[in-house]
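Let me begin by presenting the structure, written as structure tokens, before commenting on it.
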Amino acid sequence: MFSHGLLFNGAMFEAQIAHFRKHHRCIAFDHRGQGQSGVTKGGYDIETLTADAAALIRHLEIAPCHFVGLSMGGFVGMRLAARNPDLLKTLTLLSTSADPEPVENGAKYRLLNLVARWIGLWAVVGRVMPIVFGQTFLTDATRATEKVRWAKAIAANDRIGITRAVSGVIERVGCGDLLELIRMPVGIGVGDEDVATEPRKSMPYMRRSRGRNWRSSMAQGIPHQSKLRGRSMI
């Protein structure tokens, strides 16, 4: 099961699904207010999104499953693994952190969110792209088509749904206290060009992995949106 990051949807895992579907049943779902999921009046906090994921796994009768979460999807994955261990077989965390949103990001992200809500997502795409994509990708002329595709994907989001989702991420409470409850195998992927969740924020995971069934890796030239075709950390 693949759980996407903020501003995107399950399509971000299409390359990974194309690879793994040969031997696994692969499911990518969209969090509420994003992609093909409906825009609700509330429930965008990470706790509710975790309950959504748990309910979906039970509804599909796929427990225990391998769960891959990127960024916001990782926030969900950590809580799911700690509180509903019977639902997961393994957990893979990409470009994510157990910490609350860094204070230094709050004001900037709230301003971008305000502009997106009242003017439109098109007005913030230029500011958002360098946050979710690294310079290796953005300056690669051979990937111009991909850049256009993902910029359009961001702008195509429902502005009400996405701004509610952004608020849920910005205002989240940290879950570092839950990490000790995770007993299943855990894989951790960190990109050296991630500016949204800086690699140093993921270092505590790597230190905690010593002596446990956790594996971690740092990938070069990989941004926050670490599932780009041909450069995945999975």
Side-chain angles (χ1 to χ4, degrees), residues 2-21 26 28-31 33-37 68-75 92-97 101-102 104-105 108-166 169-170 189-199 201-202 217-234:
F2 295 92
S3 179
H4 67 83
L6 184 64
L7 305 179
F8 295 93
N9 54 61
M12 68 189 302
F13 293 105
E14 59 186 19
Q16 288 69 43
I17 290 175
H19 174 78
F20 287 111
R21 71 189 307 171
C26 298
F29 68 99
D30 298 342
H31 294 290
Q34 301 180 79
Q36 298 182 62
S37 288
V68 179
L70 184 143
S71 189
M72 181 175 70
F75 304 156
T92 299
L93 300 171
L94 305 174
S95 306
T96 194
S97 170
E101 190 64 38
E104 60 270 22
N105 291 346
K108 175 176 64 177
Y109 291 169
R110 288 185 182 91
L111 178 58
L112 289 172
N113 211 29
L114 184 66
V115 172
R117 183 179 181 90
W118 295 108
I119 298 178
L121 284 150
W122 62 268
V124 300
V125 170
R127 295 288 300 276
V128 169
M129 288 290 283
I131 296 174
V132 294
F133 296 107
Q135 289 304 304
T136 296
F137 174 74
L138 293 175
T139 58
D140 187 345
T142 67
R143 309 188 80 166
T145 300
E146 288 180 81
K147 283 179 277 188
V148 171
R149 177 195 176 183
W150 293 118
K152 287 182 176 179
I154 294 172
N157 279 298
D158 182 280
R159 65 184 179 85
I160 301 300
I162 203 65
T163 51
R164 288 174 179 169
V166 170
V169 166
I170 295 174
V190 181
D192 68 330
E193 291 189 14
D194 189 342
V195 297
T197 304
E198 297 178 17
K201 297 292 185 180
S202 296
S217 65
M218 171 83 76
Q220 300 298 310
I222 297 295
H224 186 67
Q225 166 54 303
S226 56
K227 318 273 341 19
L228 298 177
R229 176 177 56 82
R231 297 304 306 274
S232 175
M233 293 190 292
I234 298 178

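Everything numeric in this text was worked out from a predicted model, so none of it was measured.
- Between atom CZ of residue Phe137 and atom CD of residue Glu146 there is a gap of 5.0 Å, rounded to the nearest 0.5 Å.
- The minimum heavy-atom distance between Arg127 and Leu112, with the atom names listed, is CB-CD2, 3.8 Å.
- By the 30° and 60° cut-offs, the orientation of the rings of Trp150 relative to Phe8 is perpendicular.
- For the atom pair OG (Ser71) and CG (Leu93), the distance works out to 11.0 Å, reported to the nearest 0.5 Å.
- Distance NZ/Lys108 to CD1/Ile131: 5.0 Å, rounded to 0.5 Å.
- For the residue pair Gly10 and Asp30, the shortest heavy atom distance occurs at N-OD1, 2.7 Å.
- Atom NZ of residue Lys147 and atom OG1 of residue Thr142 lie 8.0 Å apart, to the nearest 0.5 angstrom.
- By the 4.5 Å heavy-atom criterion applied to side chains, Gln36 and Asn9 are not counted as neighbours.
- A pairwise comparison of heavy atoms in Ser37 and His31 identifies CB-O, 3.5 Å as the closest pair.
- In plain terms, the two heavy atoms of Thr136 and Thr139 that are nearest each other are O-OG1, 3.8 Å.
- The two residues Ile170 and Glu101 have their closest heavy-atom pair at O-CB, 3.4 Å.
- For Arg110, the salt bridge (Lys or Arg N to Asp or Glu O under 4.0 Å) partners two or more places apart in sequence, or in a different chain, are Glu171.
- The minimum heavy-atom distance linking Ser95 with Leu70 is given by the pair CB-CG, 4.4 Å.
- Annotation: the span from Met72 atom CE to Leu7 atom CG amounts to 8.5 Å, rounded to 0.5 Å.
- Among pairs with a residue in residues 115-126, those fulfilling side-chain hydrogen bond (donor to acceptor under 3.5 Å, both in side chains) read Arg117-Thr163, at least two apart in sequence or across chains.
- Test Val166, Asn157, Val132 against Leu6 for side-chain contact (heavy atoms from CB on, under 4.5 Å) and you get one pass: Val166.
- The line from CD of Glu14 to SG of Cys26 is 13.0 Å long, rounded to the nearest 0.5 Å.
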